[in-house]
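Labels below follow one simple rule: chain letters A, B, ... track the order of the sequence lines, proteins then strands, and each chain is numbered from 1.
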Number of protein chains: 4
Amino acid sequence: METASEKKKLKRLKLMDAGYDLFITKGINNTVIDDIVKKAGVAKGTFYLYFKDKYDLVNQITLHKSLFVIREALGELEERRKQEAMDFEKEILFFIDYLVEFFQGHKDMLKLIRKNFSAKLLCGDSISDPDLQKAVDAFTQNFMNKGETLQQAQQTLYIIVAMVGSVCCDAILEEEPYSLSQIKPTLYFLIRKLLC
Amino acid sequence: METASEKKKLKRLKLMDAGYDLFITKGINNTVIDDIVKKAGVAKGTFYLYFKDKYDLVNQITLHKSLFVIREALGELEERRKQEAMDFEKEILFFIDYLVEFFQGHKDMLKLIRKNFSAKLLCGDSISDPDLQKAVDAFTQNFMNKGETLQQAQQTLYIIVAMVGSVCCDAILEEEPYSLSQIKPTLYFLIRKLLC
Amino acid sequence: METASEKKKLKRLKLMDAGYDLFITKGINNTVIDDIVKKAGVAKGTFYLYFKDKYDLVNQITLHKSLFVIREALGELEERRKQEAMDFEKEILFFIDYLVEFFQGHKDMLKLIRKNFSAKLLCGDSISDPDLQKAVDAFTQNFMNKGETLQQAQQTLYIIVAMVGSVCCDAILEEEPYSLSQIKPTLYFLIRKLLC
Amino acid sequence: METASEKKKLKRLKLMDAGYDLFITKGINNTVIDDIVKKAGVAKGTFYLYFKDKYDLVNQITLHKSLFVIREALGELEERRKQEAMDFEKEILFFIDYLVEFFQGHKDMLKLIRKNFSAKLLCGDSISDPDLQKAVDAFTQNFMNKGETLQQAQQTLYIIVAMVGSVCCDAILEEEPYSLSQIKPTLYFLIRKLLC
DNA sequence: CATGAATGAGACTTCATTCAT
DNA sequence: TATGAATGAAGTCTCATTCAT
């Protein structure tokens with residue numbers, strides 16, 4: 001029957017939602033399984049039917065939320081493209097800036113997923129989401145048009161994303177050594193240099 | 001004969017050494033205070049005479065080891081300079097490469113200090129070590145010679161270090177998405193671009 | 001078969017019994033949670049399922065035992081009333097004497113509950129036990145028959161009980177400044193004075 | 001030499017003062033030896049040169065403060081006697097009321113010494129202070145004038161003090177079951193009854 | 001007498017995980 | 001599948017007391 005399967009999915013989601021709320025509110029280490037099942041309204045044992053342990057839940061939440069944000073950014077980029085012609089540099093910077101600004105407004109979320117939101121999401125041939133894959137391919141193609149090999153192109157994209165991620169986590173979460181507004185001009189200037 | 005003050009310092013060091021060994025062997029979370037004091041050969045209460053808690057010890061170890069490594073790299077650079085003339089680009093790449101190769105050979109140490117070995121160690125005006133400060137000033141001066149302001153120069157240095165740190169942690173600790181040998185050429189190529 | 005709810009109550013009681021035995025044998029401060037759970041035959045965590053901490057257990061035991069003793073005294077009074085006619089003074093003194101003699105024979109118990117077995121158990125309008133309430137009301141009524149207001153009557157009863165409690169704790173537990181047999185005549189003489 | 005002996009007494013006093021302040025501020029259980037020696041400005045080991053342990057200190061402080069308060073009350077009584085003729089009942093009630101009001105204004109002190117400020121201070125033949133002994137003798141004599149034996153007189157005094165102590169500790173420290181102002185009239189009324 | 005670093009037993013509590021129902 | 005009572009190992013930290021200096 002369909003209902004049973006749907007109920008299961010619902011419980012899974014309730015646990016993920018409860019976990020997400022608690023993790024960003026109290027931190028991962030300060031959240032215990034009891035908190036999660038209480039908030040989700042299920043019994044303690046039920047948790048272990050759906051997740052191996054707390055860190056399994058963390059990983060699944062992280063993956064879920066990361067994909068959500070990236071898809072949002074790509075969606076916005078698509079919208080913008082319809083309104084004005086954008087060259088490659090403009091597109092990359094728009095995409096990056098969208099992510100950066102998003103996390104600036106969602107620090108709690110950034111704190112949670114930073115450990116797992118690695119640039120790897122955008123790399124390799126193992127990207128799970130087709131839309132995402134298409135977007136990455138488009139970016140990569142642009143690098144290749146400049147004479148890079150496929151691998152060089154992929155690596156360049158990865159390095160840029162890693163750089164932005166590292167610098168912006170510092171800036172947003174700790175405002176050290178520079179706040180986001182302080183570092184942005186130099187950061188974007190350097191990205192442009194890399195895109196030449 | 002040892003003075004009382006020397007004995008105290010010795011105990012401190014013994015605890016830090018014991019902690020370091022255990023942290024890199026078993027991981028921070030799997031190391032308990034009992035392990036540390038047993039290995040250091042002191043009583044449990046003694047630990048709390050010197051450190052607030054386990055994480056205080058972690059932080060002090062991290063700082064200690066980070067400074068040690070950076071000082072090593074600077075020392076090697078100094079040696080090299082005596083042997084051959086080096087321009088700015090060469091010096092920066094030598095310094096970076098020394099750190100990268102060092103951590104490649106000391107993965108456990110990298111795992112431990114990565115969280116705290118931030119690029120910040122090299123930034124700002126609050127650098128604690130005079131030798132380190134001098135070296136950073138020299139690097140910064142080179143960027144300023146290219147027409148950047150002091151702040152731009154400092155930020156550029158910070159961003160490069162952050163980029164290298166992020167990429168190399170992935171490469172060394174997880175070999176994902178690229179191993180160190182795979183990513184190095186592209187990484188160094190991009191650094192050179194940024195130094196132009 | 002036992003129901004789950006009955007099993008829970010049983011565990012609670014086992015913990016209270018174990019705690020009571022240990023507290024009167026070794027004292028509260030010298031009894032540790034480990035002792036209690038070991039004696040009760042449950043796991044340590046189980047203790048915290050039923051009680052907030054050691055002092056929560058102490059309080060619950062105290063209340064439980066106090067009510068038990070008072071109910072005993074009232075029961076005996078009831079029995080006695082059937083055998084002979086008793087005026088108010090006689091009843092009060094019988095009730096008091098029962099408690100005093102009981103505790104003389106149960107010094108350990110007195111030591112445990114003295115801190116919490118306050119005269120308050122017999123006062124105010126918040127008495128939890130209906131039988132107890134009825135008995136108190138009867139006593140109070142007698143004072144009111146002598147022309148006191150309700151509050152005066154309640155306060156007089158409270159003061160007598162407080163006086164007896166204080167003097168007898170000294171006498172029974174420390175035999176200082178007077179032993180129970182030494183002080184009793186004067187104490188009861190003074191009570192009679194107060195009842196006039 | 002005199003100085004050495006005086007220095008010792010000074011240290012003793014500093015420790016007692018520090019202990020008293022901390023005990024009434026933080027409570028006995030929450031005060032550790034470290035707090036005391038730090039506040040007194042001596043080394044930890046020194047504490048054990050003067051006191052067996054924390055509870056030894058508590059007892060000595062309690063005795064010291066109790067005597068101080070009682071002497072104050074007797075002094076005030078003496079003053080009052082000079083101004084107006086007082087009969088026995090008036091004197092007893094004045095003395096009691098002075099103590100009660102004093103503790104009402106020094107709840108912290110009451111909390112500390114209640115456990116040890118027993119009526120015993122005023123009883124027996126072991127009173128250490130000569131002034132106190134004289135005053136107690138005078139009170140006792142009055143009871144004997146009414147036909148009581150020496151022991152009855154002493155016991156009556158003891159019982160009254162115990163009663164007042166018990167009731168007023170409840171009233172002042174917990175305001176339960178009655179506040180001081182609520183219970184005072186009935187309490188003093190009953191004392192007068194006992195003095196008849 | 002005075003010091004204070006060192007001791008280490010032991011206290012309390014937490015919480016991931018299991019398993020009988 | 002779902003439950004939640006029970007588990008008990010593991011963990012951190014405290015603090016009275018000692019003793020070499």
Side-chain angles (χ1 to χ4, degrees), chain A residues 4-5 7-8 11 29-38 41-57, chain B residues 1-5 7-12 15 29-38 40-56, chain C residues 1-5 7-8 10-12 29-38 40-56, chain D residues 4-5 7-8 11 29-38 41-57:
Chain A
S5 165
K7 261 186 176 167
K8 278 192 63 176
K11 272 203 178 138
N29 285 329
N30 299 318
T31 300
V32 298
I33 306 290
D34 255 325
D35 297 335
I36 299 170
V37 295
K38 201 173 153 192
V42 302
K44 215 168 179 178
T46 306
F47 179 91
Y48 291 91
L49 296 174
Y50 293 94
F51 304 96
K52 189 182 153 291
D53 55 26
K54 189 167 72 171
Y55 297 98
D56 184 24
L57 175 62
Chain B
M1 200 186 71
E2 288 156 333
T3 74
S5 165
K7 263 171 123 177
K8 279 192 69 172
K9 265 188 188 145
L10 197 69
K11 282 240 160 93
R12 233 188 93 84
L15 282 165
N29 285 329
N30 299 319
T31 300
V32 299
I33 306 291
D34 262 324
D35 298 335
I36 299 169
V37 296
K38 199 173 153 191
V42 300
K44 215 173 191 172
T46 307
F47 178 90
Y48 291 94
L49 227 46
Y50 292 96
F51 306 97
K52 192 183 150 290
D53 54 27
K54 190 166 70 169
Y55 297 98
D56 185 24
Chain C
M1 200 188 71
E2 289 156 333
T3 73
S5 164
K7 263 171 121 177
K8 278 191 68 173
L10 197 69
K11 281 239 162 94
R12 235 189 92 83
N29 285 329
N30 300 318
T31 301
V32 300
I33 306 291
D34 260 323
D35 299 335
I36 299 170
V37 296
K38 199 174 156 190
V42 301
K44 213 171 191 174
T46 307
F47 178 90
Y48 292 93
L49 228 45
Y50 292 95
F51 305 98
K52 193 184 150 291
D53 54 27
K54 191 166 69 169
Y55 297 98
D56 185 24
Chain D
S5 166
K7 260 186 177 166
K8 278 191 65 176
K11 273 204 177 137
N29 285 329
N30 299 319
T31 300
V32 298
I33 306 290
D34 255 327
D35 298 335
I36 299 170
V37 297
K38 200 173 153 193
V42 302
K44 216 169 179 178
T46 305
F47 179 90
Y48 291 91
L49 295 175
Y50 292 94
F51 304 97
K52 191 182 153 290
D53 56 26
K54 189 167 71 170
Y55 296 100
D56 185 24
L57 176 62

message: Could you work out, with ring-ring contact (aromatic ring centres under 6.0 Å, His included) as the rule, every residue matching Tyr50(A), not counting sequence neighbours?
response: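 With neighbours one apart ignored, the set is empty.
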Please list, in numerical order, the residues of residues 45-55 of chain B that have a heavy atom closer than 4.0 Å to any atom of DNA chain E.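 Nucleic-acid contacts, sorted: Gly45(B), Thr46(B), Leu49(B), Tyr50(B).
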Length of the [atom1]-[atom2] vector between [X] and [N], whole Å:
| X | N | atom1 | atom2 | answer |
| --- | --- | --- | --- | --- |
| Asn29(A) | dT14(E) | CG | P | 16 Å |
| Asp56(B) | dT12(F) | CG | C1' | 14 Å |
| Ile33(C) | dT7(F) | CD1 | P | 15 Å |
| Ile36(B) | dG8(E) | CD1 | P | 18 Å |
| Asp34(C) | dA10(F) | CG | P | 14 Å |
| Arg12(C) | dA5(F) | CZ | C1' | 15 Å |
| Lys38(D) | dC15(F) | NZ | P | 13 Å |

Parsed dot-bracket for DNA chain F after applying the Watson-Crick and G-U rules with both distances under 3.5 Å and | for other-strand partners is .||||||||||||||||||||
Across all chains, not counting sequence neighbours, the salt bridge (Lys or Arg N to Asp or Glu O under 4.0 Å) partners of Lys44(C) are Asp34(C)
Measuring from Ile36(A):CD1 to Phe47(A):CZ, what's the distance to the nearest 0.5 Å?
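Ile36(A) atom CD1 to Phe47(A) atom CZ measures 5.0 Å (nearest 0.5 Å).
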Does Val37(C) form a side chain to side chain contact (heavy atoms under 4.5 Å, CB included) with Thr46(C)? I'd like the steps, not just the answer. CA-CA 8 Å; Val37(C) 296; Thr46(C) 307; over 6 Å; no
Correct closest heavy-atom pair for Val42(B) and Leu15(B) would be CG2-CD2, 3.8 Å
Q | For the student: nearest non-hydrogen atoms of Lys54(A) and Ile33(A), plus distance | A |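 Of all heavy-atom pairs spanning Lys54(A) and Ile33(A), the closest is CB-CD1, 4.0 Å.
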Is Lys11(B) close enough to dA5(E) that one of its side-chain N or O atoms is under 4.0 Å from OP1 or OP2 there?
no
- request: Output yes when at least one side-chain N/O atom of Lys44(C) is less than 4.0 Å from OP1 or OP2 of dC12(E), else no.
  value: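 For dC12(E), neither OP1 nor OP2 has a side-chain N or O of Lys44(C) closer than 4.0 Å.
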inquiry  = Base, sugar-phosphate or nothing for Val37(B)? Non-hydrogen atoms, less than 4.0 Å.
reply    = nothing
Side chain of Ala43(D) (C-beta onward), nearest among dG11(F), dG8(F), dT3(E):
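Looking only at side-chain atoms, Ala43(D) lies closest to dT3(E).
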Sequence neighbours excluded, the answer for side chain to side chain contact (heavy atoms under 4.5 Å, CB included) partners of Asp53(C) is Tyr55(C), Asp56(C)
Partner residues of Lys38(C) under the side chain to side chain contact (heavy atoms under 4.5 Å, CB included) criterion, sequence neighbours left out: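 By the side chain to side chain contact (heavy atoms under 4.5 Å, CB included) rule, Lys38(C) matches no residue at all.
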Nearest-nucleotide check on DNA chain F, Gly41(A) vs Thr31(B); residue mapping nearer the 5' end is Gly41(A)
